[in-house]
Amino acid sequence: MTMNGAIGMFERIETGNLVEATTSPALKGLTLGETVSVAGIKERWDRVRRRLRAELGEDVFSSWFARVEIGAIVDGVAHLTVPTRFLKSWLEAHYAERLRAHCMAELDAPNGVALAVRQVARESAEPCQDLSAQRGRPAQARIATATAEIAPASAAAQPSERDPMDACGTLLDRRMTFQSFVVGKSNALAFAAAERISAAPAGATPYNPLYLHAGVGLGKTHLIQAIAQDARQHGKRVAYFTADRFMYGFVAALKSQTALAFKEKLRGIDLLIVDDVQFIQGRSIQQEFGHTINALIDAGKQIVVAADRLPADLEALDERIRSRLAGGLAVEIGELDEALRAKILTIRLDGLKAAHPSFHVNPDVIAYVAKVVATNGRDLDGAANRILAHATLTGASVTMETAEAAIRDLVRTREPRRVKIEDIQKLVATRYNVSRADILSERRTAAVVKPRQIAMYLAKALTPRSLPEIGRRFGGRDHTTVLHAVRKIEKAIVEDRLLHDEVDLLKRMLQE
């Protein structure tokens, strides 16, 4: 039987002949007019599962067959149920013939197999293997109706606002929206670009790719999830991945020998969003990721990528991917300034007060906490929760003293970051638009000499390395060359205010 024929078997269900047993829907069954005991049908279904596990391997079986259940056997058709529309669609497209063969052999089901989506409260997220299929909708079919019809996409229910999903069935955090994102000087540009991209019509790519980079807890994940949710509301097909989810999906497709389908269907979306791209590993996975973003960009589809550093600094990533990512709009989400921290903290505390009406923190305490908790948004969340815990558990009002005690672990003195010469070379090279290889080379053009001397000066100022050691780390140069560079920059920053500010900024970037 061809694949189309096998899929046809999945769709053929005679609902008028379905007779329900007086037991659990997952364990009832009739075969060719004869009653089958619960124990008998369960035992035979277990044999089918063992066959599939042995043939496909544990990983593929766990991904696609672990939640398939036997519903009934009616007129020689084995009725199976799955929890999500996505899983149903994937099995129909890729494993119809295998299921049919094993069910015919073990379940006395000569007329094939039919799949239905069983009633569940909420769909769980599946690995994104079929992006052009159903868009992660709430399950509608009931096993009692035993119908396997595929409703038209326009008639299917959309995800509720409570449980937003992307085109892969990935659950998005409904709290991470544009409305809940707190805008300040450090993130205003990134926020404006994100809003423009989410609202742009499908096929219109104002900045492609959009590359957001920031340290931990500064809001990049919040912002790209907001893009995904808002773009969905504008009717776009959105695929949202973390790096590990992308890798898992691709590896699962390779193991199940469906990599071609995975690649083709991935390219059928309007907006691809990848978070923490710095963690994408493996040569074949990186190659596929590179081919995918090239195909989407060439087709006018939008790409949004988030990482913890600039594209040029993603040394584990293929150079061609770095070049492609750097070709769009790269925006840094900077450190939270004190005013923005106070604003974020106020919003967090107001949210806690809604659940605890007697909880109150006066503005002086908020200002103090915003001043001393100067790291990131997650630490501000931790500060708000600690203050609430102290207030509710002790019954005491929140004072400056109680707040100080509550957040003591968040403001403890941190050891200064240990600066490495390699970090200095990379940062200076990026800042002055040269390569690290240029800085280490023998080139003597002005565009290279100045960054090289600044890097040597910073190495002497920020590391405990000796002049000979610094010289060796800069392409085997003599210590007198390093000394000359250090003295020249020391003199220049006294005379040139712009250079002074530039070097000071580099110092702070390296030490933070």
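Remember, predicted model here, so these are calculated numbers, not experimental data.
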S.K.: For a quick test of reading the model, state the closest non-hydrogen atom pair linking Leu317 to Ile280 and the distance between them.
M.R.: CD1-O, 4.0 Å

S.K.: Please report the shortest heavy-atom distance between Ala204 and Pro206, naming the atom on each side.
M.R.: O-CD, 3.4 Å

S.K.: Could you check if a side-chain atom of His484 sits within less than 4.5 angstrom of a side-chain atom of Gln453, using non-hydrogen atoms only?
M.R.: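 The answer is yes, as the side chains (C-beta and beyond) meet within the 4.5 Å cut-off.
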
S.K.: So that I can tick it off, tell me whether Asp423 and Arg309 are bridged by a salt bridge, with the cut-off set at under 4.0 angstrom between side-chain N and carboxylate O.
M.R.: no

S.K.: Does Arg196 have more than 12 heavy atoms from other residues, nucleotides or ligands lying within 6.0 Å of its CZ?
M.R.: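 Counting neighbours around CZ of Arg196, 12 or fewer heavy atoms of other residues, nucleotides or ligands fall under 6.0 Å, so no.
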
S.K.: When you measure from the side chain of Asn187 to the backbone N and O of Gly184, does any donor-acceptor pair fall under 3.5 Å?
M.R.: yes

S.K.: Could you tell me the separation between the CD1 atom of Ile321 and the CG atom of Asn294, rounded to the nearest 0.5 Å?
M.R.: 8.5 Å

S.K.: So, Arg386 side chain and Gly382 main chain: donor-acceptor pair closer than 3.5 Å or not?
M.R.: yes

S.K.: When rounded to the nearest 0.5 angstrom, what is the spacing between OG in Ser198 and CD in Gln229?
M.R.: 11.0 Å

S.K.: So how far is it from Leu218 CG to Asp308 CG, rounded to the nearest 0.5 Å?
M.R.: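 Separation between the atoms: 11.0 Å.
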
S.K.: Counting distance only, does the side-chain N/O of Thr402 pair as donor-acceptor with the main-chain N or O of Val398 below 3.5 Å?
M.R.: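 Flag not set: sc Thr402 to bb Val398 has no pair under 3.5 Å.
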
S.K.: Would you sort out whether Phe289 and Met247 count as a side chain to side chain contact (heavy atoms under 4.5 Å, CB included), showing the intermediate values?
M.R.: CA-CA 9 Å; Phe289 179 64; Met247 291 188 292; over 6 Å; no

S.K.: Heavy atoms, side chains only, cut-off 4.5 Å: are Thr242 and Phe279 in contact?
M.R.: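 No. Closest side-chain heavy atoms not under 4.5 Å.
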
S.K.: Would you mind reporting whether Arg324 and Ile303 have side-chain heavy atoms less than 4.5 Å apart?
M.R.: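 Counting from C-beta outward, Ile303 and Arg324 never come under 4.5 Å.
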
S.K.: Using 0.5 Å steps for rounding, measure from the NZ atom of Lys371 to the CG atom of Leu345.
M.R.: 14.5 Å

S.K.: Do Thr292 and Glu288 pair up side chain to side chain, a donor and an acceptor below 3.5 Å, judged on atom types alone?
M.R.: yes

S.K.: Taking the side chain from Arg436 and the backbone from Ala429, do they hold a donor-acceptor pair closer than 3.5 Å?
M.R.: no

S.K.: Donor-acceptor pair, distance only, cut-off 3.5 Å: does the side chain of Arg237 make one with the backbone of Gly268?
M.R.: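 Pair found, side chain donor or acceptor close to backbone of Gly268.
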
S.K.: List the steps, then state whether side chain to side chain contact (heavy atoms under 4.5 Å, CB included) holds for Lys301 with Leu272.
M.R.: CA-CA 8 Å; Lys301 307 297 181 67; Leu272 173 64; over 6 Å; no

S.K.: Would you say that Phe178 contacts Ile227 through its side chain, given a criterion of any heavy-atom pair below 4.5 Å between the two side chains?
M.R.: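 Yes. Closest side-chain heavy atoms under 4.5 Å.
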
S.K.: Would you say Gln302's side chain and Tyr207's backbone share a donor-acceptor pair under 3.5 angstrom?
M.R.: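 Yes; at least one donor-acceptor contact below 3.5 Å.
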
S.K.: Run the salt-bridge test on Glu490 and Arg487 with the 4.0 Å N-O cut-off and return the result as yes or no.
M.R.: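 The answer is no: the pair does not qualify as a salt bridge.
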
S.K.: In the structure I gave you, are the side-chain heavy atoms of Met400 and Glu404 within less than 4.5 Å of one another anywhere?
M.R.: no

S.K.: May I ask you to test the Val277-Phe246 pair for a side-chain heavy-atom distance under 4.5 Å?
M.R.: no

S.K.: Would the distance check show the side chain of Asn433 and the main-chain N or O of Ala447 forming a donor-acceptor pair, the cut-off being under 3.5 Å?
M.R.: no

S.K.: Below 4.5 Å, heavy atoms only, C-beta onward: do Glu502 and Tyr432 meet side chain to side chain?
M.R.: yes

S.K.: Angle between ring planes, Phe65 versus Phe61, binned at 30° and 60°: parallel, tilted or perpendicular?
M.R.: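 Because their plane-to-plane angle is under 30°, the rings of Phe65 and Phe61 count as parallel.
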
S.K.: Could you give me the CA-CA distance, side-chain angles and deciding distance for Asp438 and Ser435, then say whether side-chain hydrogen bond (donor to acceptor under 3.5 Å, both in side chains) is met?
M.R.: CA-CA 5 Å; Asp438 288 334; Ser435 68; 3.1 Å; yes

S.K.: Are any of the side-chain nitrogens in Glu422 or Lys426 under 4.0 Å away from the carboxylate oxygens of its partner?
M.R.: no

S.K.: Output yes when a side-chain donor or acceptor of Arg452 lies under 3.5 Å from a complementary backbone atom of Arg443, and no otherwise.
M.R.: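 Looks like yes, one N/O pair under 3.5 Å.
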
S.K.: Tell me, yes or no, whether the heavy-atom count around Lys460 atom NZ, taken from other residues, nucleotides or ligands under 6.0 Å, exceeds 12.
M.R.: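 No, because the 6.0 Å sphere around NZ of Lys460 holds 12 heavy atoms or fewer from other groups.
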
S.K.: Check Thr177 against His222 and note the closest heavy-atom contact, atom names and distance.
M.R.: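 Taking every non-hydrogen atom into account, O-NE2, 3.0 Å.
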
S.K.: Glu469 vs Thr463, test: side chain to side chain contact (heavy atoms under 4.5 Å, CB included). Steps then yes/no.
M.R.: CA-CA 11 Å; Glu469 175 63 18; Thr463 75; over 6 Å; no

S.K.: Would you say Gln286's side chain and Asp318's backbone share a donor-acceptor pair under 3.5 angstrom?
M.R.: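 The answer is yes, because a donor-acceptor pair under 3.5 Å joins these two groups.
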
S.K.: Evaluate the side chain to side chain contact (heavy atoms under 4.5 Å, CB included) criterion for residues Arg348 and Leu380: first the C-alpha distance (whole Å), next the side-chain angles of each, then the deciding distance (0.1 Å), finally the verdict.
M.R.: CA-CA 8 Å; Arg348 300 290 190 270; Leu380 290 174; 5.7 Å; no

S.K.: For a quick test of reading the model, state the closest non-hydrogen atom pair linking Val216 to Asn376 and the distance between them.
M.R.: O-CB, 3.2 Å

S.K.: Asp337 side chain to Leu340 main-chain N or O, any donor-acceptor pair under 3.5 Å?
M.R.: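 Judged by distance alone, yes, a pair lies under 3.5 Å.
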
S.K.: First locate atom CG of Leu310, then atom CG of Leu325, and finally report the distance between them rounded to the nearest 0.5 Å.
M.R.: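 So the CG of Leu310 and the CG of Leu325 are separated by 11.5 Å.
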
S.K.: What distance separates Asn208 CG from Asp298 CG, expressed to the nearest 0.5 Å?
M.R.: 10.0 Å

S.K.: Answer yes or no: is there a side-chain heavy-atom contact under 4.5 Å between His479 and Leu483?
M.R.: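 They are not in side-chain contact.
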
S.K.: Compare every heavy atom of Leu172 with every heavy atom of Ala228, then report the nearest pair and how far apart it is.
M.R.: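 So the minimum-distance heavy-atom pair works out to CB-CD1, 3.9 Å.
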
S.K.: Which pair of heavy atoms, one from Asp276 and one from Lys220, lies closest together, and at what distance?
M.R.: OD1-CE, 4.1 Å

